[in-house]
Asks: 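Below is the structure I would like to discuss, written out as structure tokens.
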Amino acid sequence: METLLSKLPDKHVLFSASFVVRVVLVAYGDHQDRTMEVKYTDIDYHVFTDAARFITQGESPYNRSTYRYTPLLAWILTPNIYLCMAFGKILFVFCDVLSGVLIYTILCLRGLHGKTATCVCSLWLLNPLPMGVSSRGNAESIMAALVLGMLLCMEAKRLVWAAVLYGLSVHMKIYPITYALPIALALRASQEGSADAKSIRTWKKFITFIGSFLNRELILFGIVSGGVFSIFTLAFYYMYGWTFLHETYFYHLTRRDIRHNFSPYFYMLYLTADSRGSQWLGLAAFLPQLILLLVASWSFHQDLVFACFLNTAIFVSFNKVCTSQYFLWYLCLLPLIIPNLTLSVKQGLTLLLLWFAGQALWLAPAYFLEFEGYNTFVLIWLAGLLFLMVNCFVLIQIITHYRPKPPPQRQKAE
Amino acid sequence: MYFELFFVLICLSKCYCLDREDDQEQCALLIKWLHSSSVSLEVSKKGFHREVTTTVDVRPEALSSGASVLLLHRWPRGVFVDPYQLASLSDHSNWEILLDSAIDLELPAHKTSGFSTYMFPTTPLPNILKFKIPVHGRYHESSFAGETFTSVHFEPPELLLRTKKCTDLHRFESYPVVNAPCTVSNSSTCSWFKKSQQQEGSSIISMMLPVGDGSATKLVCSGTLLVTVICSLALSKYMLKHRII
């Protein structure tokens, strides 16, 4: 480990090198798109660009079918039309590297040595997955940067900035809404007196518990993040009307995509898509997700980073729709918790291998269904269930091997 | 004076008659070409993403004398084309396509309806024209009759021809005439001669798509819920046990 650390370059070299590698990938992607039949660029990138083109023509980005994002994204990408088609990719690549920088800064704030932080940070920066995703033109890196930025501001106690970034991130994609409870509990806990007399009656305890949410920090956070979210939502509702609300939020909330995906619920929802009981099944599928999110938020709100990681991983694994880009939502938080894991390198690699094997076992029947036309629905269903079990096993291993490093130190710092 | 007027009128009617004769001749030619032409459809690749090849055999003189060709595909609801994919492909292809309706890329087959495409060849080509377009299968309602596949049938496209010189198509009552867009820009409608339906010998083209097994619904539901409940219980147990206080 020591030799590995000494061989690792300076953090500035790492940051610039990872940016250069990504830009080279963008250039290569352009070459592949022009010369080969299999395109490098993500289909979503064309969706964003088409939506941006509608904006430059003074029309609604939702004229582009399957554009299901905030108009803000299409607005940001209008230079794709005015300047150069690759503008968006460069922006995504920049956000990707920025996420790496944010991971490094958060790690240092959490008391990690600079060299070790560089080493852990390189897990993100030199990882082919985020590299490929951002250089292919997928916008997930913007979310990673926003969420990591929010966590950094929370760690650094810059509450207003954290709230602004949080409001913005929920506006961009709704999944960070699952962080609301751990954030609320964390802000409550930071002001909570540790001496809760045991003799107090239950109902009084309950009232004190509710009352503890009414503190300045939490109210400030709520007002600022809610304000940022509402300003964007109202502005875009005013501009694009009901379509905006439907495509950006309600579609994702009520999404019933019956086509095959990583979700354990896929086959069940496909088979029952038109039956009368499907509403109840939808609820039955939603309950475990909700309960787990509550339990995770409650159990780990003292360590906000860990709680957010668990919430995201649970949300994605137990969601009714799950595609591989969702994995990035929690993978960008993984480097933040790795230093606190007491797993050996071998154990860690085994878990990683298990996770990849789970995906491969799903991908094989999915390929045969989609491209070869075999009826592999049952296999995909079983592989989806197995992948859920693998995810849960990995999460349990992470939970049992997680050591929150210096909780007393954090309290001293206040 | 009267004589001059009479002379002019005679000339005009003569011209008109000549025009009509020319028109009639062109239309007859068009019908002849249409009669000798043939259209066939072929579906290649497997699974949900297919390639449909339309082969048209038209007399070379039809194309050289400026006749326009249009292929009208009527697609079943079990498939869809992605308009954006077609738009990006048409830059490197020998066709341009116009759709008759907006297409939802995500709906299952039983919640949508079929649609038509108007395919215009873009480059003057030899007499046999081949057009390839990507077509995607939709998910289908799961089967409760124990069937694991459903078939989607394709109709061969209608071949339509017109020339600017043949204007009065409706006089040829024996031949079907349809109204369709003149060009891919869809700014005006023209009358086209339609090739009468394909010969009976041509076999039905179809593709098979896998469908879910509805008879396993109960098993799948209970299995799914059982596994998710066990997983959530195990996770909850460990989270509560190792919670950070």
Side-chain angles (χ1 to χ4, degrees), chain A residues 43 46-47 50 64-66 257-260 264-265 267-268 270-275 281 284-285 287-289 291-292 295-296 298-303 306 310 314 317-318 367-378 381-382 384-385 388-389 391-393 395-396 399-400 402 404 407, chain B residues 45-50 82-85 87-88 102-108 110-111 136-139 141-142 144 147-149 207-245:
Chain A
I43 187 86
H46 295 293
V47 177
D50 290 336
R64 172 60 165 99
S65 70
T66 72
D257 196 344
I258 56 162
R259 290 173 301 171
H260 57 286
Y265 299 113
Y267 198 37
M268 177 177 94
Y270 167 35
L271 291 182
T272 59
D274 299 307
S275 65
L281 280 174
L287 272 179
Q289 197 182 23
I291 292 170
L292 284 171
V295 173
W298 175 248
S299 304
F300 300 105
H301 64 268
Q302 299 278 7
D303 190 335
F306 190 50
L310 281 182
I314 288 168
S317 306
F318 283 83
Y367 171 83
F368 278 103
L369 174 78
E370 192 165 347
F371 294 98
E372 297 293 333
Y374 293 122
N375 190 326
T376 52
F377 283 118
V378 173
W381 169 59
L382 291 173
L385 290 183
L388 177 76
M389 291 192 259
N391 275 318
C392 287
F393 178 73
L395 281 178
I396 287 172
I399 290 163
T400 48
Y402 187 81
Chain B
K45 293 191 180 168
K46 286 177 267 179
F48 281 84
H49 308 287
R50 305 288 183 122
D82 179 349
Y84 293 94
Q85 188 187 18
S88 74
I103 289 180
D104 191 307
L105 310 178
E106 288 157 336
L107 281 179
H110 61 283
K111 288 193 179 154
H136 310 277
R138 288 186 186 277
Y139 255 60
E141 209 173 0
S142 49
F144 285 86
E147 284 172 14
T148 48
F149 290 90
M207 69 177 204
M208 302 295 272
L209 286 176
V211 287
D213 179 8
S215 61
T217 306
K218 273 194 184 136
L219 178 75
V220 169
C221 289
S222 38
T224 308
L225 294 178
L226 186 71
V227 170
T228 47
V229 166
I230 290 175
C231 283
S232 347
L233 286 178
L235 252 181
S236 304
K237 185 190 149 201
Y238 281 95
M239 285 197 289
L240 289 172
K241 191 177 164 197
H242 293 268
R243 80 191 195 98
I244 303 171
I245 307 156

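If you're wondering where the values come from, they're calculated on a predicted model, not measured in any experiment. Lettering follows sequence order; numbering is per chain, from 1.
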Asks: Most heavy-atom pairs under 4.5 angstrom with chain A, which of B:Gly47, B:Ser88, B:Gly214?
Replies: B:Gly47
Asks: Where does A:His46 contact chain B at under 4.5 Å (heavy atoms): side chain, backbone, both or neither?
Replies: neither
Asks: Side chain, backbone, both or neither: which part of A:Tyr374 has a non-hydrogen atom closer than 4.5 Å to chain B?
Replies: backbone
Asks: Chain A: which of B:Ala102, B:Cys221, B:Gly137, B:Ser232 shares the most heavy-atom pairs with it under 4.5 Å?
Replies: B:Ser232
Asks: Please classify the contact between A:Asn391 and chain B as side chain, backbone, both or neither, with a heavy-atom cut-off of under 4.5 Å.
Replies: neither
Asks: Does any backbone or side-chain atom of A:Thr66 lie under 4.5 Å from a heavy atom of chain B? Answer side chain, backbone, both or neither.
Replies: side chain
Asks: Which one, A:Glu370, A:His260, A:Gln289, leads in non-hydrogen pairs under 4.5 Å with chain B?
Replies: A:Glu370
Asks: Is A:Ile314 in contact with chain B via its backbone, its side chain, both, or neither, using a 4.5 Å heavy-atom distance?
Replies: side chain
Asks: For A:Trp381 and B:Val220, which heavy atoms make the closest approach, and how far apart are they?
Replies: CZ2-O, 3.5 Å
Asks: I'd like to know if B:Lys111 and B:Asp104 make a salt bridge, using a cut-off of under 4.0 Å between side-chain N and carboxylate O.
Replies: no
Asks: Among A:Leu369, A:Ile396, A:Val295, who wins on heavy-atom pairs under 4.5 Å with chain B?
Replies: A:Ile396
Asks: For the backbone of B:Val211 and the side chain of A:Asn375, can you confirm whether one donor and one acceptor N or O come within less than 3.5 Å of each other?
Replies: yes
Asks: I need the minimum non-hydrogen distance between B:Tyr84 and A:Asp50, along with the two atoms involved.
Replies: CD2-OD2, 3.4 Å
Asks: Checking B:His136 against chain A: side chain, backbone, both or neither under 4.5 Å from a heavy atom?
Replies: neither
Asks: Which region of A:Tyr265, side chain (C-beta onward) or backbone (N, CA, C, O), has a non-hydrogen atom less than 4.5 Å from a non-hydrogen atom of chain B, or is it both or neither?
Replies: both
Asks: Please report the shortest heavy-atom distance between A:Phe306 and B:Ile244, naming the atom on each side.
Replies: CD2-CD1, 4.5 Å
Asks: Please flag which part of B:Glu141 lies under 4.5 Å from any non-hydrogen atom of chain A: side chain, backbone, both or neither.
Replies: both
Asks: Given 3.5 Å as the limit, does a donor-acceptor pair link the side chain of A:Tyr267 with the main chain of A:Phe377, or not?
Replies: no
Asks: I want to check a possible cation-pi pair here: B:Arg243 against A:Phe300, using under 6.0 Å from ring centre and within 45° of the ring axis as the test.
Replies: no
Asks: In this structure, which one of B:Ile230, B:Thr228, B:Val229 forms a side-chain contact (heavy atoms from CB on, under 4.5 Å) with B:Leu226?
Replies: B:Ile230
Asks: Walk me through whether B:Tyr139 and B:Phe48 qualify under ring-ring contact (aromatic ring centres under 6.0 Å, His included).
Replies: CA-CA 9 Å; B:Tyr139 255 60; B:Phe48 281 84; 5.5 Å; yes
Asks: Heavy-atom pairs under 4.5 Å with chain A are the metric here; pick the option from B:Val227, B:Ile103, B:Leu105, B:Leu209 that has the most.
Replies: B:Val227
